Amino acid sequence: MQAQISKLLAAAVSRLQTEGELPADLSADIRITRSKDKAHGDFASSLALRLSKSAGIPAHVLAEKIASHIPESSGIAKIETAGPGFINFYLRAGAEVGILDQIIHQNDRFGGRAAYTNRKILIEFVSANPTGPLHIGHGRGAAYGATIANLLEATGNEVRREYYVNDSGRQVDILAVSVWLRYLELCGQTLRFPDSAYQGDYIWDIAASVHREFSEAFLHPAESIQSLQDDCEQIDPETCIDAVIGQAKLLLTENEYGTFRGRALDIIADDIRNDLEHFAVTFDRWYSERSLTRARIQVVLDTLTENGHTYLKDGALWFASTAFGDEKDRVLVRENGQPTYFTSDIAYHLDKYERGFDQLINIWGADHHGYIPRVRAAMQALGKDPGRLHVLLVQFANLYEAGEKLTMSTRSGEFVTLRQLRKQVGTDAARFFYVMRKCEQHLDFDLDLATSKTQDNPVYYVQYAHARICSILRQADPPVLDGGLIRADAALLTQKHETNLIKLLTQFPENVQAAADQFAPHVVVGYLRNLANTFHSFYNAHQVLVADTALRNARLKLIRATQIVLSNGLTLLDVSAPEQM
């Protein structure tokens, strides 16, 4: 109905332009909202308020002109103007039943936009360091990012999904050394494993794969490593691990060190890809940090310097980011001549801009909040529009089992992996639960609830509504195909439970659009839960397969439309719509 009202308003503006009442080049930004108060109609538009200044006509006068030029429509009972320039639309009784035919005709296309907006969007998400398995915190970012991408595509945008692989820098060195030290232990060496190394069992597994292939080819006595730790670990574990990295690079040739680093990165990256694919999350591109050449990074440094945004201090090159609103200036090149991670990140974001996307979306963990101003500052200093970059922060997920919160620490290896969660509760429940709340809110993930088969479990409740409808449709005798259902008389659906369900079905497209516009998958989740509840209430109050053939077919039409919308909504969340449960 909103789309129909939009066409009516567009036709009215076009008529006024033809008559010379409005400028011919006036662009009508038509927005329709559902009225909260029935006294003000079913739908309202503030079009006159937005066009008033450009048209040079008082808003309340323009509203009257537009209303008087709106073509007649069988679904509209009355049109009124109100307040400073609102146009209110009152629907005829039963006008919304036409949505059932539209849903059945469009089927899996219902709820999305038929035409593309020509907007190109790049969405980067997950991008977890390839230093260990994905944990449940990464899972929330994965589910959120994938669903946002689905919503943006459904509403007509061209979307590309990207994972930025941080396969360079200190964290990767810590990973490589962690594997090498475990390898030395497998070779029979005795040493105290550094507290700041990666502790998880997966480090043993990677080390074992190297040992199986190369035996003791990379064996070096551990005395020098142990002595080094004895000297420094009493002071600072982080300083100690850096010293161990340095010692490893002295003892191992570049190729030998590269074997440990490469093997660790390859195994973990493949594990991450596998995890995400089983979690229904795929990417169009895996962008390696190592692909950012020194020449590419030098372009960033030269441009910032030429624009007067860098300075030397204490032997390092600094970016004057405070000039662009950052809380402090940032180091670009350390005193040892090595670019910082931030410099690589600037080069990556510059590459994003230069690929011609209209909007860039980053989905980061909430702990990256302070990183946003410096990235925006760098883009502005490079002459790019920071408004094209939109950063969404995802809060942490807490896992509860039997009422108790589970503890997590990535470095120590004490964490619940995404794979473990998926195997325990299933992909459907995990994907659904992850997007039930706003991304900026903390999420308490209840394992017991997610695995329960009761109406208290929201994903089970929604899926059961879909399966129940499938069961009714299978029982229909004789069966009625969609072509026959379209011919069914929906005007017979006058009971309160029926009209409530129809009204809710009409709201699906606007909920999808709102969820996309606001980057808010929880809007779709809330809608599906409401739709499932409304259907179950209808089912408990009315029999579908009644003796009256006309009423039977009308109700079959209603539940078939409901089934399609449930399926389409679940598909946006990458959650299955089972036909049997």
Side-chain angles (χ1 to χ4, degrees), residues 1-4 74-75 91-112 114 455 458-512 524 527-573 575-581:
M1 186 55 69
Q2 285 177 305
Q4 182 180 341
S74 59
L91 302 184
R92 294 187 187 279
E96 293 182 316
V97 297
I99 196 68
L100 303 182
D101 290 340
Q102 182 183 345
I103 294 171
I104 293 173
H105 175 71
Q106 293 184 356
N107 204 309
D108 59 2
R109 293 177 289 109
F110 180 74
Q455 65 179 20
V459 64
Y460 180 85
Y461 192 59
V462 173
Q463 288 180 317
Y464 183 61
H466 183 272
R468 174 174 267 178
I469 293 172
C470 291
S471 175
I472 298 170
L473 292 172
R474 286 193 299 270
Q475 294 174 47
D477 185 21
V480 184
L481 301 178
D482 284 354
L485 290 178
I486 286 180
R487 293 192 295 272
D489 186 6
L492 297 173
L493 303 171
T494 59
Q495 298 296 319
K496 183 177 180 180
H497 290 96
E498 296 167 336
T499 57
N500 285 346
L501 194 51
I502 292 170
K503 182 176 181 179
L504 196 53
L505 292 173
T506 68
Q507 297 174 19
F508 181 57
E510 62 197 72
N511 275 268
V512 172
V524 173
Y527 172 84
L528 290 175
R529 295 178 70 177
N530 191 9
L531 181 61
N533 184 62
T534 304
F535 164 73
H536 288 304
S537 295
F538 157 77
Y539 176 85
N540 292 330
H542 302 285
Q543 185 178 351
V544 175
L545 303 177
V546 294
D548 185 330
T549 302
L551 181 59
R552 162 190 177 271
N553 288 349
R555 287 180 174 168
L556 285 172
K557 182 177 193 173
L558 174 60
I559 67 167
R560 169 62 174 145
T562 304
Q563 177 208 15
I564 290 171
V565 172
L566 285 168
S567 177
N568 291 356
L570 288 168
T571 297
L572 287 171
L573 306 179
V575 174
S576 69
E579 295 187 3
Q580 291 181 312
M581 291 181 71

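Predicted model only: the values in this text are computed from it and were never measured.
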Rounded to the nearest 0.5 angstrom, the CG-CG distance for Leu545 and Leu473 is 8.5 Å
Apply side chain to side chain contact (heavy atoms under 4.5 Å, CB included) to Gln102 and list each qualifying residue two or more places apart in sequence or on a separate chain. Ile99, Gln106, Phe110
How would you list, by chain and number, every residue that makes a ring-ring contact (aromatic ring centres under 6.0 Å, His included) with Tyr539, sequence neighbours excluded? none
Can you sort out the partners of Gln580 under side chain to side chain contact (heavy atoms under 4.5 Å, CB included), two or more places apart, ordered by chain and number? Arg474
For a 4.5 angstrom cut-off between non-hydrogen side-chain atoms, does Leu100 reach Leu493? yes
Name all residues meeting the side chain to side chain contact (heavy atoms under 4.5 Å, CB included) criterion together with Ala550; count only those two or more places apart in sequence or in a different chain, and write none if there are none. Leu492, Asp548
Side chains of Tyr527 and Val565 in contact at under 4.5 Å (non-hydrogen atoms): yes
Rounded to the nearest 0.5 angstrom, the CD-CG distance for Gln507 and Leu505 is 9.0 Å
Scanning both residues in full, the closest heavy-atom pair of Arg529 with Pro458 reads NE-CB, 3.5 Å
Going from OG on Ser567 to CD on Glu579, what distance comes out if it is rounded to the nearest 0.5 angstrom? 9.0 Å
Work out which heavy atom in Leu528 is nearest to a heavy atom in Val462; give both atom names and the distance. O-CG2, 3.8 Å
Given side chains that start at C-beta, do those of Leu531 and Leu501 come closer than 4.5 Å, heavy atoms only? yes
I want to check something: taking the side chain as every heavy atom from C-beta on, are Phe538 and Gln495 in contact at a cut-off of under 4.5 Å? no
Which pair of non-hydrogen atoms, one from Gln463 and one from Ser576, has the smallest distance, and what is that distance? NE2-O, 2.9 Å
Return the CG to CD1 distance between Leu566 and Ile469, rounded to the nearest 0.5 Å. 5.5 Å
Just list the side-chain donor-acceptor pairs under 3.5 Å for residues 554-562, sequence neighbours left out, or say none.
unit_1: Arg555; atom_1: NE; unit_2: Glu498; atom_2: OE2; d: 2.7
unit_1: Arg555; atom_1: NH1; unit_2: Gln543; atom_2: O; d: 2.7
unit_1: Arg555; atom_1: NH2; unit_2: Glu498; atom_2: OE2; d: 3.1
unit_1: Lys557; atom_1: NZ; unit_2: Asp101; atom_2: OD1; d: 2.5
unit_1: Lys557; atom_1: NZ; unit_2: Ile486; atom_2: O; d: 3.1
unit_1: Lys557; atom_1: NZ; unit_2: Ala488; atom_2: O; d: 2.9
unit_1: Arg560; atom_1: NE; unit_2: Asp482; atom_2: OD1; d: 3.0
unit_1: Arg560; atom_1: NH1; unit_2: Gln563; atom_2: OE1; d: 2.6
unit_1: Arg560; atom_1: NH2; unit_2: Asp482; atom_2: OD2; d: 3.0
unit_1: Thr562; atom_1: OG1; unit_2: Leu558; atom_2: O; d: 2.9

Which label fits His536 and Tyr464: parallel for a plane angle under 30°, tilted from 30 to 60°, or perpendicular past 60°? parallel
Residue pair Asp108, Ile564: steps toward the side chain to side chain contact (heavy atoms under 4.5 Å, CB included) verdict: CA-CA 7 Å; Asp108 59 2; Ile564 290 171; over 6 Å; no
On a heavy-atom basis, the closest approach of His466 and Pro578 is ND1-O, 2.9 Å
Any chance you could measure Leu485, atom CG, to Ile104, atom CD1, to the nearest 0.5 Å? 5.0 Å
Which residues share a side chain to side chain contact (heavy atoms under 4.5 Å, CB included) with Asn540, sequence neighbours left out: Arg468
What distance do Thr494 atom OG1 and Leu551 atom CG have between them, rounded to the nearest 0.5 Å? 8.5 Å
